[in-house]
Amino acid sequence: MTLIDGRKGDLATIIAVHNDQKTKKRLQDMGITKGAQVKVMSVYGKNAYILKIRGSRVVLGADVAAGLEVELDHVRSKGEQGGREFIRKHLTAKK
Amino acid sequence: MNTIKVALIGNPNCGKTTLFNAYTGAKHKVGNWPGVTVEKREGLLHHDGNHITLVDLPGIYSISPYSLEEKLTQEYILNYDPDVIVNVVDASNLERNLYLTAQLLEMGKPVVLALTMVDVLEARRITLNTDKLSKALGVDVVPVTALRNLGLKNLLHTVIRRSKAKEVQEPPGIPYGELEEAIAQVESLLPVQEGVEERFRRWIAIKLLEGDGSILQKVETPELKALLEKLAASGVHYEEELAIKKYGHVQEIVPQVLEGDEGREILSDRIDRILTHELLGIPIFLAMMGLVFVFTFTVGNHFAGLMEGFFGFAGSFVTSRFGAWGVAEWMTSLVVDGIIGGVGGILIFLPNIAALFVAMSLMEDSGYMARIALIMDKIMRRFGLSGKAFIPMILGFGCSVPAIMTARTLEDERDRLATIMVTPFMSCSARFPIYVLFSRAFFPGREILVTLTLYVLGILVAVLTALLFKRTLAKGEKGALILELPNYKLPSWKTTGIFVWEKVRGYIVRAGTIIFIASIFLWFILEYNFSGKAEMSASIGASIGKAIAPAFSPMGFGTWEAALALLAGIMGKEIVVSSMAVIYGIGEGSLSAVLSQVGFTPASAYAFMVFALLYTACLATLGVIKKETNSWRWMFFAFGYQLGVAWVVSALIYQVIGLFA
Ligand SMILES: Nc1nc2c(ncn2[C@@H]2O[C@H](COP(=O)(O)OP(=O)(O)OP(=O)(O)O)[C@@H](O)[C@H]2O)c(=O)[nH]1
């Protein structure tokens, strides 16, 4: 999966960076490299990913996140579902 | 006596400028978002009989020639050859900061590490073992807290000692494992020439593997080029692999030196849950901007009333005194109408300006600025810009000149150009007096609302311009959003105090110089014509105004007075107001009262404000546009475009109001 599918609370390891050379270099500067672990702090409006990486907080746009191939470090449990899913599920359930 | 050249190098927002200010007593701007410093600055200091030149460089994440800031820093290190590099390291963000340190150490220059934000770490109950860090890196490590002047002497001593030490510092190199072979191969092919001494060879080889073109130029030989091409074709991405190894090296050091629970959720994360909340983010942002606006207006106005009273009093006092002393009438007129009227007419807005800058400083120093870029990204993207472009735009509410320079933090050249073009439309503080003056005269009781519409109109024109630009002249990909969010912190009184005082001082200086001279000059051309003293309507000033006035008749203010004031306003937009004060003379009552008697109607007053908002930015802004785009063409384009937009929008608004009224 790519980081685009990441949800709030996910812990993941980056397994490949497919972005263009320039973006890749800027990602490296931020500590986002192959093998690094990221935590998805939150997803803002589906188009910006707020990550915790090597102790700092970095925002990536969706187009950048799409180039990051990641592997989840855990199995998602129900409690870890993003707020969006949570709301959608519960609102639809009421209907 | 020899001087020691010291360069401060570190990540953006790591506290370099704070440190620089603490040493040199300079008052350069400090803010809690990455990219505040965009230019190199030098300062001199003396200590124990040593002369030290201290240089503050823009923050960078790595040594490479990608962005403007990185180019500047890399060239600085290579060409000016500082005696000691002080690597400023944000202790609360150790891993990422040490990535740059690793690169600096590789360069083979003497490095001293200055650790900032140690207090932040303490607050998180994490301790940092500086001895261990020093051992692991092989350099001196000195903790400093520049905001409270702690550790500054110690750092200075260490730097001086380092500069005098004979032995070359040899920090343990980074083990590159399987990449070593390629490094050795490249190293062996490096020519022997100046700048490629033994201790730089490894670094140069690594840079070449990373694909640094500017260094390749200096050492290129056919064999070397062939080798690099062969390696590049081998399927190993050297640039990436080298970076990974560097991080790996750092990753091993960090756990050895930090003690405490790093995993705990920190306060900034909790604050972000609210301020960058998906649904609350924008409403909170709008509310904050509203608050800033109301604060500027009300708090400022509270004091502005007092100032106005003072200058009114000063005017009548001088008139009566000069009268009693028998001072020539022209002299009284010059002092009262020209100087007190013009300069005083501007100074009464000082409290508003100060209030605005207090609010801006709080926003910048708290760490909220970077969040605005995030929150606005989605909206800005619709207009073809990234959220980061919004930071210069917001700063444009203060003053366009530094705001335009901040556009350097945008990586994409076209994004940067578009941002430079739209920023002048953001209503800067110099336009504020114009709104207050006119809205008080024509929309009493609704000043705030009317002024707000102008701010909004400015933003609207800015984003539409961005859209137009990104569709035509600066076409291209939208810059990728990659942005660091700094930790929130309580704004420091010192930082805010310095920032606001610098702005207030600048404003007073402007009033005392440019506006003073402009007022006297204007008074002169209004009192005289080529045959001597004349009625105002026959003066040189009036003739100039009359020549261009017809251009403004579609907007309802085609009077020579308005035309002349707007023309003078190109020097600085406050001058529109000071000029009007001189032209109409505030001796007989407040300027607001006079305006309605000289042909302005509410509709034409509004059109006038719109024109003043949008038309040609001041000379200083044009100057910075020239400098930042490095092209006269873009500067003249900006000039013409703004003038055109102002004319069209202002006329349109006047005509439309005319239809309904
Ligand atoms: N808590 C704490 N804050 C600090 C310290 N030093 C600097 N700061 C704050 O950190 C922020 C960034 O400081 P600057 O001096 O502007 O950083 P810079 O490295 O010059 O940043 P750029 O200009 O963006 O490259 C400001 O809000 C400072 O007030 C420190 O030792 N402790």
Side-chain angles (χ1 to χ4, degrees), chain A residues 3-4 7-9 11 13-69 82-88, chain B residues 11 60-62 64 66-67 70 90 92-100 210-211 237 239-244 246-248 250-251 254 258 262 266 268-269 272-273 276-279 281-282 370-371 373-375 377-379 381 386-387 411-412 477-487:
Chain A
L3 194 61
I4 267 246
R7 299 181 197 158
K8 184 172 174 170
L11 262 179
T13 303
I14 296 166
I15 48 178
V17 182
H18 298 298
N19 303 73
D20 63 277
Q21 200 54 42
K22 221 173 143 186
T23 310
K24 210 165 169 174
K25 192 262 162 188
R26 289 178 52 212
L27 289 171
Q28 277 168 15
D29 285 353
M30 292 291 167
I32 300 173
T33 54
K34 202 163 70 182
Q37 197 193 43
V38 296
K39 181 172 181 197
V40 181
M41 305 295 288
S42 62
V43 182
Y44 185 84
K46 270 196 243 161
N47 71 318
Y49 292 73
I50 307 178
L51 311 174
K52 219 8 160 346
I53 171 98
R54 300 184 196 272
S56 65
R57 225 170 294 108
V58 175
V59 179
L60 299 184
D63 40 350
V64 183
L68 293 176
E69 203 171 316
R84 191 181 286 273
E85 276 97 327
F86 183 84
I87 292 172
R88 196 183 299 138
Chain B
N11 278 191
I60 51 166
Y61 292 107
S62 62
S64 55
Y66 277 86
S67 68
E70 288 172 353
D90 173 356
S92 68
N93 202 341
L94 199 59
E95 198 169 325
R96 230 262 327 284
N97 275 249
L98 288 183
Y99 175 63
L100 176 66
E210 284 173 1
H237 296 288
E239 189 184 10
E240 187 176 5
E241 296 300 328
L242 287 162
I244 292 172
K246 284 192 185 99
Y247 272 116
V250 170
Q251 235 170 338
V254 173
L258 288 184
E262 280 177 79
I266 58 175
S268 292
D269 294 334
D272 264 340
R273 274 222 293 265
T276 63
H277 186 275
E278 227 183 298
L279 302 174
I282 287 184
R371 272 77 185 182
L374 159 68
I375 293 169
D377 189 67
K378 195 170 186 177
I379 299 175
R381 253 155 222 280
S386 91
E411 291 77 16
D412 187 86
E477 291 280 299
K478 291 166 197 162
L481 178 70
I482 300 177
L483 177 75
E484 190 190 353
L485 298 181
N487 287 320

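Chain A is the first sequence line, chain B the second, and so forth, proteins listed ahead of strands; every chain is numbered from 1.
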> Among A:Met30, A:Met41, A:Gln21, which residue has the highest count of heavy-atom pairs closer than 4.5 Å to chain B?
A:Met30

> Ignoring hydrogens and angles, state whether a donor on the side chain of A:Asn47 or B:Arg381 is under 3.5 Å from an acceptor on the partner side chain.
no

> Should A:Lys24 and A:Asp20 be marked as a salt bridge (charged side-chain N to carboxylate O under 4.0 Å, His left out) after you check the CA-CA gap, both sets of side-chain angles, and the distance that decides it?
CA-CA 6 Å; A:Lys24 210 165 169 174; A:Asp20 63 277; over 6 Å; no

> Check the pair B:Tyr61, B:Tyr99 against ring-ring contact (aromatic ring centres under 6.0 Å, His included), reporting the backbone distance first and the verdict last.
CA-CA 8 Å; B:Tyr61 292 107; B:Tyr99 175 63; 9.4 Å; no

> Taking NZ, NE, NH1 and NH2 as the nitrogens, is one of them in B:Asp269 or A:Lys52 under 4.0 Å from a carboxylate oxygen of the other?
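Salt bridge between B:Asp269 and A:Lys52, a charged N being under 4.0 Å from a carboxylate O: yes.
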
> State whether A:Glu69 and A:Lys34 are salt-bridged, where the test is any N-O pair (Lys NZ or Arg NE/NH1/NH2 against Asp/Glu carboxylate O) under 4.0 Å.
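Salt bridge between A:Glu69 and A:Lys34, a charged N being under 4.0 Å from a carboxylate O: no.
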
> Please look at B:Asn11 and chain A and tell me whether the side chain, the backbone, both or neither of the residue comes under 4.5 angstrom of a heavy atom of that chain.
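Neither part; nothing is under 4.5 Å.
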
> Which bit of B:Glu210 comes within less than 4.5 Å of chain A, counting heavy atoms only: side chain, backbone, both or neither?
neither

> With only heavy atoms counted, which part of A:Ile50 is less than 4.5 Å from chain B, the side chain, the backbone, both or neither?
side chain

> So which residue, B:Asp272, B:Asp377, B:Leu374, B:Ile60, ends up with the most heavy-atom pairs under 4.5 Å with chain A?
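That would be B:Leu374.
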
> What part of B:Ile282 gets within 4.5 angstrom of chain A, counting heavy atoms only: side chain, backbone, both, or neither?
both

> Please flag which part of B:Ile375 lies under 4.5 Å from any non-hydrogen atom of chain A: side chain, backbone, both or neither.
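Answer is both: backbone and side chain atoms of B:Ile375 are under 4.5 Å from chain A.
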
> Under a 4.0 Å threshold between the charged nitrogen and the carboxylate oxygen, would A:Arg57 count as salt-bridged to B:Glu484?
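Not counted as a salt bridge, because no side-chain N and carboxylate O are separated by less than 4.0 Å.
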
